[in-house]
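Heads up, the thing below is written out as structure tokens.
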2 protein chains.
Amino acid sequence: MPFEFVRGLIGGSNLMVTIHDVAKSSGFSITTVSIVLNDAPLARYIPLETKNRIKKIAKTLGYRPNVFARSLRSKRSNTVGVIVFDITDPYCTHILRGIELSLYQSSYISIFADAQNDRARFERYLEMLLDRRVEGLITLANSLLLDLDILAVLEKRNVPMVLIGRELKSLAMSAVIIDNAAGARAALEHLYTLGHRHIGFIRGPKMLADSRERWKGVRSFAHDAGLVLDPKMIVDLTDLYDPTSAFEGGYKLTQELLRRERPFTAIHAFDDMTAFGAIRALGKSKLKVPDDYSVIGFDDVAPAALYAPPLTTIRQPMETMGAMGVGILLDAITASRESRTFSPVQRKVAPELLVRESTKALAQP
Amino acid sequence: MPFEFVRGLIGGSNLMVTIHDVAKSSGFSITTVSIVLNDAPLARYIPLETKNRIKKIAKTLGYRPNVFARSLRSKRSNTVGVIVFDITDPYCTHILRGIELSLYQSSYISIFADAQNDRARFERYLEMLLDRRVEGLITLANSLLLDLDILAVLEKRNVPMVLIGRELKSLAMSAVIIDNAAGARAALEHLYTLGHRHIGFIRGPKMLADSRERWKGVRSFAHDAGLVLDPKMIVDLTDLYDPTSAFEGGYKLTQELLRRERPFTAIHAFDDMTAFGAIRALGKSKLKVPDDYSVIGFDDVAPAALYAPPLTTIRQPMETMGAMGVGILLDAITASRESRTFSPVQRKVAPELLVRESTKALAQP
DNA sequence: TCCCGAAGTTCGATTTAAATG
DNA sequence: GCATTTAAATCGAACTTCGGG
């Protein structure tokens, strides 16, 4: 059956113009059209006039290459996968924004998946992304989701990957993380400079590497400044971690600290959500922030600036971190395509103290 | 060149197993394997034993169909597109969550794009999704992004679409929206029931249909209850709308209301972000919420529950709305595939009053 | 005619190898 | 050999058609 006839029959909804149409319209072969439109190596032998003719016709016809055909043949998807552990977590969205921003300039597009803190979902989405032949993967994962089995799959399939927000010391793998120790240190230094000497500490869940690093920072400053840490004023969030639980944890642990009846004037919270909980608990007891207590958080999630009072915190430059992740991934993909080896890059980003209104100099006694 | 040889040469990274491999391993033809694995109509003639053999071998070989080949041939992508106007807006993320949740059960996967409130981005992403042959589109858009030109493209390409969060009265199009009038009415009724008679109103940007609808609700309740609305106590957010500007708008407009020196005891804010701004402004003037002023918002974004004080607000059931959108879209896609006509469905969702701690009964004078 | 299976065509592009003047 | 162009093979699966018991 002649081609034109069939095409005519289809009509209506399926009127996609193919490379075939461009070839016929321009009078050149499919091959030539393909070479010109992709600016392939052979294109340098083709006269400018021919190129322009073809390009113009492609444009007027509204030709758009079929991505499926292209990827099938070329074995390239021009796609990277992005998995986050919880899209409703404001921490995720700003990193996502950074990723999107810097991917936008590249020729890659992203396919996004939200694991919803659920391991089964994570695995299913990973499989889905692999089915879609992503050329690389960015993962924003917490420890619940990530383990060696999963990473082994990627290794075997030779898919470059970078982790944002956590590191895996057990494995050589590209990662972008915040300098937790420096951040927690800066937070404590800020409180100390304001005159606070009796400080309550709400540490993160033991399970998280972040918690350990941040505590290191606290101890290092305490040591340097000769500040003694009262073990009775140190409490820990539980290991069941999600954004809401951090708020509730902050709330309950602050009540706990209050109950211990040791005088203190400031709280060093694991993160912003914890700090919000702490402020709530203080407010509940008619204690005012920052007049009675100073509170400092970590992260600078979106609500921090809008809170009452606006929260002093340690800012993670999330957009930057996302952008860095993309940079590393793109390098890794390029290396992989040129069959070069690529040594994992670990980048540790400096956080920034953001003084707002939840901390205040201690009144001189 | 014999097939096995080539395949052997490739080795290493590219060892994907194809339907060809399954056919060879099982001793059946490619056709039979395809029929069995897809449970195609013809499969009913194939003996169970054959089916099981083929399935088992596919499994042990770890066969995964190549999505590009499949989509190329079948002309189906099993994909729907989702465009949101701003992923850092908490309103978006919870609707996204609802979408994801109910898409997860279906055979569709989603490709997500964040327009970042930028029109050019919106158009580029739309084009990208169309290139990927999405079978349907869910859009979470504000009025900046959406106009008739864009929708005409979808119409022409015959791609079903549903809008979440806004309606386009000019066009017959499926949409899921909140009942703004009922919500605003309920908010005012709540304040009224608590005894408030002198209330400041911060209305939304005039440009937004939401603003108009909510104001209708306010007026309808005021009329029914015989409450007089003082024009001097009504102020409007500017048309340049983004989440932060709503906060700042709420802040500044509350100061403005205070400056007018008419006694009032409550603020009816356009949305939660505006309410947060209002609470901040009151705090700045040493006025306390809810003791001196009651404040009510709209939306129930994530920070609302954690705010100090927790915000009384009108909750939009965002996950439900996302799920509804998916339901409608899937119906539309099915109809489109069976060449049935599908009349646009408009669903208006009832909001819910959430009483927390930012509102309080007026003390008897 | 019913059942079972296979050969061959097709989707829309990229790429290799080769033909033309 | 050089510049210019193209026929034909290929990617991996789905589908149409056909043949034999």
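Order of the sequence lines fixes the chain letters, A, B, ..., with proteins taken first and strands second; residue numbering starts at 1 for each chain. What you are looking at is a predicted structure, and each value in this text was computed from that prediction instead of being measured.
One interatomic measurement links the two molecules: NZ of Lys51(B) to P of dC3(C), which rounds to 12 Å at whole-angstrom precision. The separation between Leu72(B) atom CG and dT10(D) atom P is 17 Å, rounded to whole Å. For Met16(A) and dG12(C), the CE to P distance is 10 Å, given to the nearest whole Å. If you measure from atom CG of Asn66(B) to atom P of dT10(D), you get 17 Å, rounded to the nearest angstrom. Atom NZ in Lys75(B) sits roughly 9 Å away from atom C1' in dT10(C) (whole-Å rounding). To the nearest angstrom, P of dG12(C) lies 23 Å from CZ of Arg76(A). Taking atom CZ on Arg73(A) and atom C1' on dG12(D), their separation rounds to 12 Å, with Å as the unit.
Here Arg53(A) pairs with nothing under the salt bridge (Lys or Arg N to Asp or Glu O under 4.0 Å) rule; sequence neighbours left out. Not a single salt bridge (Lys or Arg N to Asp or Glu O under 4.0 Å) links Glu49(B) to another residue, sequence neighbours left out. Every residue was checked against the ring-ring contact (aromatic ring centres under 6.0 Å, His included) condition with Tyr45(A), not counting sequence neighbours, and none meets it. Partners of Phe112(B) under the ring-ring contact (aromatic ring centres under 6.0 Å, His included) rule, at least two apart in sequence or in another chain, are Phe112(A). Partners of Arg347(A) according to the salt bridge (Lys or Arg N to Asp or Glu O under 4.0 Å) rule, which considers only residues two or more places apart in sequence or in another chain, do not exist here. Residues satisfying the side chain to side chain contact (heavy atoms under 4.5 Å, CB included) criterion with Ala40(B), sequence neighbours excluded, are Ile35(B). The salt bridge (Lys or Arg N to Asp or Glu O under 4.0 Å) test applied to Arg97(B) returns Asp86(A), Asp114(A), not counting sequence neighbours. Listed by chain and residue number, nothing satisfies the ring-ring contact (aromatic ring centres under 6.0 Å, His included) test with Tyr63(A) (two or more places apart in sequence, or in another chain).
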Listing time: all N or O pairs from protein to nucleotides 2-8 of chain D that are below 3.5 Å?
{"from": "dT4(D)", "atom 1": "OP2", "to": "Tyr45(A)", "atom 2": "O", "distance (Å)": "2.5"}
{"from": "dT4(D)", "atom 1": "O5'", "to": "Tyr45(A)", "atom 2": "O", "distance (Å)": "3.0"}
{"from": "dT6(D)", "atom 1": "OP2", "to": "Ser29(A)", "atom 2": "N", "distance (Å)": "2.9"}
{"from": "dT6(D)", "atom 1": "OP2", "to": "Ser29(A)", "atom 2": "OG", "distance (Å)": "3.2"}
{"from": "dT6(D)", "atom 1": "OP2", "to": "Thr32(A)", "atom 2": "OG1", "distance (Å)": "2.8"}
{"from": "dA7(D)", "atom 1": "N7", "to": "Thr31(A)", "atom 2": "OG1", "distance (Å)": "3.2"}
{"from": "dA7(D)", "atom 1": "N6", "to": "Thr31(A)", "atom 2": "OG1", "distance (Å)": "2.8"}

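Taking only distance into account, the side chain of Arg70(B) never meets the base of dA13(D) through a donor-acceptor pair shorter than 3.5 Å.
Note on Asn38(A): a side-chain N or O is less than 4.0 Å away from OP1 or OP2 of dT14(C). OP1 and OP2 of dA14(D) both lie 4.0 Å or more from every side-chain N or O belonging to Ser74(B). Thr18(A) has a side-chain polar atom (N or O) that falls below the 4.0 Å cut-off from OP1 or OP2 of dA13(C).
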Listed pairs under 3.5 Å, donor-acceptor, residues 66-73 of chain A side chains, sequence neighbours left out:
{"from": "Asn66(A)", "atom 1": "OD1", "to": "Phe68(A)", "atom 2": "N", "distance (Å)": "2.7"}
{"from": "Asn66(A)", "atom 1": "OD1", "to": "Ala69(A)", "atom 2": "N", "distance (Å)": "3.0"}
{"from": "Arg70(A)", "atom 1": "NH1", "to": "Asn38(A)", "atom 2": "OD1", "distance (Å)": "3.2"}
{"from": "Ser71(A)", "atom 1": "OG", "to": "Val67(A)", "atom 2": "O", "distance (Å)": "3.1"}
{"from": "Ser71(A)", "atom 1": "OG", "to": "Arg76(A)", "atom 2": "O", "distance (Å)": "3.0"}

| request: Give the C-alpha distance, both sets of side-chain angles, the deciding distance and a yes or no for salt bridge (Lys or Arg N to Asp or Glu O under 4.0 Å) between Glu100(A) and Arg121(B). | output: CA-CA 11 Å; Glu100(A) 205 61 28; Arg121(B) 265 197 165 72; over 6 Å; no
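Only at 4.0 angstrom or more do the heavy atoms of residues 126-135 of chain A sit from any atom of DNA chain D, so none qualifies. Annotation: proximity of residues 56-65 of chain B to DNA chain D (heavy atom, distance under 4.0 Å) is found for Tyr63(B), Arg64(B), Pro65(B), numbered in ascending order.
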